[in-house]
2 protein chains.
Amino acid sequence: MTTTATRTSPRKRKSNGLRPQIDADEIGLDALVGHAGYAVRRFQIWIFQDFIRTLSEVDIRPTQYSVLTVIGANPGLSQMAVAKRLGIERARLVHLLDSLEQRKLVKRIKSKADRRSHALHLTAQGETALAKFKRLAAEHERHVEDKIGKANRERLLQILAGFS
Amino acid sequence: MTTTATRTSPRKRKSNGLRPQIDADEIGLDALVGHAGYAVRRFQIWIFQDFIRTLSEVDIRPTQYSVLTVIGANPGLSQMAVAKRLGIERARLVHLLDSLEQRKLVKRIKSKADRRSHALHLTAQGETALAKFKRLAAEHERHVEDKIGKANRERLLQILAGFS
DNA sequence: TATTGTTATACTCTATAACTATA
DNA sequence: TATAGTTATAGAGTATAACAATA
């Protein structure tokens, strides 16, 4: 156990005199490098930031996009069904839908079969909007390709297919 | 545009009579399937939950582990340096360190070179504790291997190496 | 003037619990 | 009694802004 670390340290140009004053790129991550979770978290943050930036003109965030997409592909679903499918808390989905309903993208229709539940549908406006969101999301996806490479992106999707 | 979706739908045993009442596994994800971000997010949630569960006996969460690991490998770092390296807001790091300092794992030492900044060190107790955390984190990492396979985990680390 | 650590505020997200109206 | 949707609360986590001490 030494007191000064940074294993490979090239000991760069020092600004003042004594003590570390290490630049960010000189700092070793140690055990973190071997953890899939760390890399995955950093990557996920990058992806979400790019998604938000790419869809900023339409003000749609990843979770909102996932809700719209699932409702679009499965009209008539209940809130519980959407929440379960996407791993969102049903309490949280209420607020997400409030916002999407205010924006006239989604409507809640009282189910006749079970009067406790709502059947979720896109509005006509929601359908056309979603088509645009999908085009922008595809653009975001190309940014991912540019970042890690086309082949790597596909390998990644294969490896993680079980988690969708 | 049909009103009932779920493309491949095997049309399972229905409970009552009319309308969807679709099971979670019958719900199609549509465009989401092609998005790396969606798979990565779901995987990251799974990883963090397993990490938290595996380290629950020592009550250490992923971010706390990353802070301890970086300080352990680079004693004397300032808070700014740690925050930058890990991509944590410096305001947030303050609270993280407050908690780790209360638990006697970390100490802040006033720097003589720059009296604005604190040099961060593990306590003796922090050193031994971190060794245990690392053993548990390695156990968690084996859970990841069990989940996606040893080769896939390594491929993943290679693909995402640039994000550490 | 700029930077370090700090405090504070706001908004997102997760995790619960409890309430209501139905079933 | 159980479930769907709702409301409310508490804790992480992210994003800012502002302040004091120091550079």
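Values reported hereafter were calculated over all heavy atoms of this structure, with side chains retained and with hydrogens, waters and symmetry mates removed. By convention in this document, chain letters (A, B, ...) are assigned in the order of the sequence lines, proteins followed by strands, and residues within each chain are numbered from 1.
- Residue contacts for Gln64(A): at a heavy-atom cut-off of 4.0 Å it reaches no nucleic acid atom on any strand shown.
- Listed pair Ser117(B) / dT3(C) fails the phosphate criterion, with no side-chain N or O lying under 4.0 Å from OP1 or OP2.
- Rounding to the nearest 0.5 Å places CG of Leu32(B) at 9.0 Å from CZ of Arg41(B).
- Relative to the side chain of His95(A), the nucleotides dT6(C), dT7(D), dT6(D) differ in distance, and dT7(D) lies closest.
- In this model, the phosphate group of dT6(C) is approached by a side-chain N or O of Gln79(B) to a distance below 4.0 Å at OP1 or OP2.
- With dA15(C), dT6(C), dA15(D) as the candidates, the nucleotide lying closest to the side chain of Arg108(B) is dT6(C).
- The nearest whole Å value for the distance from the NZ atom in Lys107(A) to the C1' atom in dG5(D) is 19 Å.
- Lys110(B) has its NZ atom 10 Å from the C1' atom of dG5(C), to the nearest Å.
- Across the interface with DNA chain C, nearest-nucleotide mapping of Met80(B) and Arg61(A) shows Met80(B) to be the residue nearer the 5′ end.
- Between Ile109(A) atom CD1 and dG5(D) atom P the separation is 13 Å, expressed in whole Å.
- Toward the 5′ end of DNA chain D lies the nearest nucleotide of Ala119(A), the other residue of the pair Ala119(A) and Phe48(B) mapping further downstream.
- dT22(C) atom C1' lies 11 Å from atom NE2 of His118(A), rounded to whole Å.
- Between the NZ atom of Lys132(A) and the CD1 atom of Ile60(A) there is a distance of 11.5 Å, given to the nearest 0.5 Å.
- Gln158(A) has its side chain out of reach of Arg155(B): every pair of non-hydrogen atoms, C-beta onward, lies at least 4.5 Å apart.
- Taking every side-chain heavy atom of Thr63(B) into account, dG13(D) is the closest of dT7(C), dA15(C), dG13(D).
- What separates CG of Leu120(A) from C1' of dG5(D) is a distance of 11 Å, to the nearest Å.
- The side chain of Arg90(A) approaches dT6(D) more closely than any other nucleotide in the set dT14(C), dA17(D), dT6(D).
- When the C1' atom of dT12(C) is taken as reference, atom CD1 of Ile52(A) falls 10 Å away, rounded to whole Å.
- Nearest to the side-chain atoms of Val94(B) among the listed nucleotides dT7(C), dA23(C), dT6(D) stands dT7(C).
- Note on Gln49(B): every side-chain N or O is 4.0 Å or more away from OP1 and OP2 of dT14(C).
- You'll find a donor-acceptor pair under 3.5 Å spanning the side chain of Arg116(B) and the base of dT3(C), going by distance alone.
- Salt-bridge check for Lys147(B) with Asp50(B): failed, with every basic side-chain N at 4.0 Å or more from each acidic carboxylate O.
- Of the candidate nucleotides dA17(D), dG5(C), dA15(C), dA15(C) has the atom nearest to the side chain of Glu89(A).
- Distance, Leu93(B) CG to dT4(C) P: 13 Å, rounded to whole Å.
- Of the candidates dT14(C), dT6(C), dT22(C), dT14(C) carries the atom nearest the Arg41(B) side chain, counting heavy atoms from C-beta on.
- No donor-acceptor contact under 3.5 Å links the side chain of Arg92(B) to the base of dG13(D).
- With hydrogens and angles disregarded, no donor-acceptor distance shorter than 3.5 Å links the side chain of Arg61(B) to the backbone of Phe51(B).
- Taking atom CZ on Arg115(A) and atom C1' on dA4(D), their separation rounds to 13 Å, with Å as the unit.
- When each of Val67(B), Leu122(B), Leu68(B) is paired with Leu105(B), the side-chain contact (heavy atoms from CB on, under 4.5 Å) condition holds for Leu68(B) and for no other.
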